[in-house]
Amino acid sequence: MVLPLVNLCAKEVVSDHSSSPGWLGCVPRELYRPLLEAAFTNCRPLAVGELVQRWPERTLRAGGRRQGQSPPNRLCVQALLLAVVRGLSDKRCALQVLDLCGLQCEEGGVGDPMGGWSLTVALSTMVVQARAAAQKALGREGERERKRVLAMERERDVVKRERGGGLEEGEGGGLLVESVRKEKEETSGCLREDQQVKGVRRRMEMERRKESAAVAGGKGEADSEVDSEVVVCVRADLFVNARSWERVRAALGMTGPLKLQCRYVRVEELSVSSIGSLLDLLPCHVLLGVDIRYSCLGVAGLALLLPQLSMFPMLSSLRLHYCNLDIRRDMAGQEGAMKDMSQGLGKLSQLRRLSLTALRLPGHLRMLLSSFPQPLEVLELPYLSLTPADLSYLSCSPHASSLQQLDLSENRLDELALPSMRRLLSQASCCLMQLSLSGCGLTDGLLAAMLPSLSCCRGLKSLGLALNPLSLAGLLDLVRTAVRMPSLRQLLYPNPLEDYQPGLPPMPSSAQLLDWPLDELVEVHEATSLQLDRVVMESGRSDLLLTCDLLNYNKDLVEQ
């Protein structure tokens, strides 16, 4: 990729920190963005800090990386956060909105990036420190005012002594005292005003908020009081677990110059009450998605949380992973709680993505999905123990013709489910872009019966079929069908049964295929790869990626 000239020049400028005093004072505001990007790309935390501290625009977006772009280094992110706090007292800084959504990545990645948990803790600490610094500055200002008042009182005492020494009030003493009194009142008034409104940025921000409140109307005095203290709104995706919960709660519930707002929140290992308290602290009109993992909710606990989630009008994504919603008919009140949960889901009017992983809800898919007022676009149901009746409902539901992403991994598909699957693929053929059927027990015969329906999915870009017991002949049939699908860009295929060491059962499960060792002979794997590559080459499809690597496979890498 050829870099534009401005990017090449920006890289050279930020590479030498000793030269920063020379160019920081004269660089035009249009060049701050490429300079900051160059500082991030080349890991120049000092340059990042200096640029952010005097950021000339109202908004700074440091998240949302482009495809193929590496995440910022941890030191650069820390320098950015420190510079935001320093910029609160810098008159050259015009920053009002800091957008860090999409900045975090997985912990321990290449280049020492900052993970979601670390970024959340750092942001919470930044908010608390900014509040403490503002209170400290306010205390210093109050101390200076007190000293000025004492100085004025001493000066007044001097005037009194001069009057007692022979200066008559009518000869000017009274005028002098009066002038001192007026000067004191004017000075105290100015100090009080300065204490309430510090600097041009704060005054302009307060005026803008007053105008907005007057136009919008209906805001309470408490909200106005809180907003009047905010200088910079910080938007981010938060990752909250038991270790970071107290710090995040303190930051979200704190008023001060920095206000933390959340777009997507990921919660792990928190109780229902703690999750509810967290939702109460999040701004209603900002939250887009909630991801709850490894938390023992139960059906009743989720039913309690759903009314709170309905208070977020922009919520479009709900993901529940390993949250223990096991349905047991012998438990009293279970069906009633299930109905409450279904009604609660129906109140999420803007929901477009629903992910339910390993919740063990066989036979309840109709109750879960029929309450939604609008069709879903993303539906992920791995390890849900779906029954043929569940698949039959899904294939005839309003969601079928709107699904763009569908994940049915680790749900056993057999001859009874085959008609429903074919009907589902036919209904979703115009819109489906990502499909995962990994670990579904698809044999050569089942897959052969399903391939015609798969080939009709004209917009399908990513297909996952790993951990299915296919022979080499069945795998070759799959690849021949895949190369005839012009939109398909990525195929995750299973290792054929011939590639495993002897002793594998005739109908192995996905767990057995995952744990059973592959044949150590290199010739076996090379022979399989050569046959697959030959099929792809003969079709002329250089844009189709074939992989059997489960660890490095990522369906989200395919451009939408």
Decide yes or no for [X] and [Y]: does some side-chain heavy atom of the first lie under 4.5 Å from some side-chain heavy atom of the second?
X      : Y      : value
Arg353 : Glu377 : no
Leu306 : Leu345 : yes
Leu408 : Leu406 : yes
Met254 : Val128 : yes
Leu88  : Leu258 : yes
Arg249 : Leu278 : no
Val267 : Asn241 : no

Is a donor on one side and an acceptor on the other found under 3.5 Å between the side chain of [X] and the backbone of [Y]?
X      : Y      : value
Gln96  : Val231 : no
Ser342 : Met367 : yes
Thr120 : Phe239 : yes
His285 : Pro313 : no
Ser310 : Pro307 : yes
Ser124 : Ala251 : no

Q. Does the pair Asp90/Arg54 count as a salt bridge with the N-to-O cut at 4.0 Å?
A. no

Answer yes if the side chains of [X] and [Y] hold a donor-acceptor pair under 3.5 Å, and no otherwise.
X      : Y      : answer
Glu380 : Ser355 : yes
Thr125 : Arg247 : yes
Ser409 : Asp407 : yes

(Q) List the residues meeting salt bridge (Lys or Arg N to Asp or Glu O under 4.0 Å) with Asp340, not counting sequence neighbours, and say none if there are none. (A) none

Q.
I'd like to check the salt bridge (Lys or Arg N to Asp or Glu O under 4.0 Å) partners of Arg29; sequence neighbours left out, ordered by chain and number.
A. none

Could you grab the distance from atom [atom1] of [X] to atom [atom2] of [Y], nearest 0.5 Å is fine?
X      : Y      : atom1 : atom2 : answer
Leu80  : Leu60  : CG    : CG    : 6.0 Å
Asn42  : Glu12  : CG    : CD    : 9.0 Å
Leu403 : Gln434 : CG    : CD    : 12.0 Å
Arg489 : Met433 : CZ    : CE    : 13.0 Å
Ser402 : Leu379 : OG    : CG    : 11.5 Å
Leu320 : Leu354 : CG    : CG    : 7.0 Å

Q: Return the set of residues passing side chain to side chain donor-acceptor pair (under 3.5 Å) with Asp291 (not counting sequence neighbours), or none when no residue passes.
A: Arg293

Give me the atom names and distance for the closest heavy-atom approach of [X] to [Y].
X      : Y      : answer
Phe312 : Leu282 : CE2-O, 3.8 Å
Ala47  : Val14  : CB-CB, 4.2 Å
Pro45  : Cys76  : N-SG, 3.9 Å
Leu305 : Ile292 : CD1-CD1, 4.3 Å
Pro283 : Gln261 : CG-CG, 4.0 Å
His399 : Leu369 : NE2-O, 3.0 Å

Q) What residues form a side-chain contact (heavy atoms from CB on, under 4.5 Å) with Ala428, not counting sequence neighbours? A) Leu432

Extract all donor-acceptor atom pairs below 3.5 Å that involve side chains of residues 269-276 and protein atoms in other chains or at least two apart in sequence.
unit_1: Ser271; atom_1: OG; unit_2: Ser273; atom_2: OG; d: 3.1
unit_1: Ser271; atom_1: OG; unit_2: Ser274; atom_2: N; d: 3.3
unit_1: Ser271; atom_1: OG; unit_2: Ser274; atom_2: OG; d: 3.1

Q: List the steps, then state whether side chain to side chain donor-acceptor pair (under 3.5 Å) holds for Ser277 with Asp280.
A: CA-CA 5 Å; Ser277 300; Asp280 286 337; 5.4 Å; no

Q) With sequence neighbours left out, what residues match Tyr383 under ring pair (Phe, Tyr, Trp, His ring centres under 6.0 Å)? A) none

Q: Could you point out which residue of Leu356, Val299, Leu297 forms a side-chain contact (heavy atoms from CB on, under 4.5 Å) with Cys323?
A: Leu297

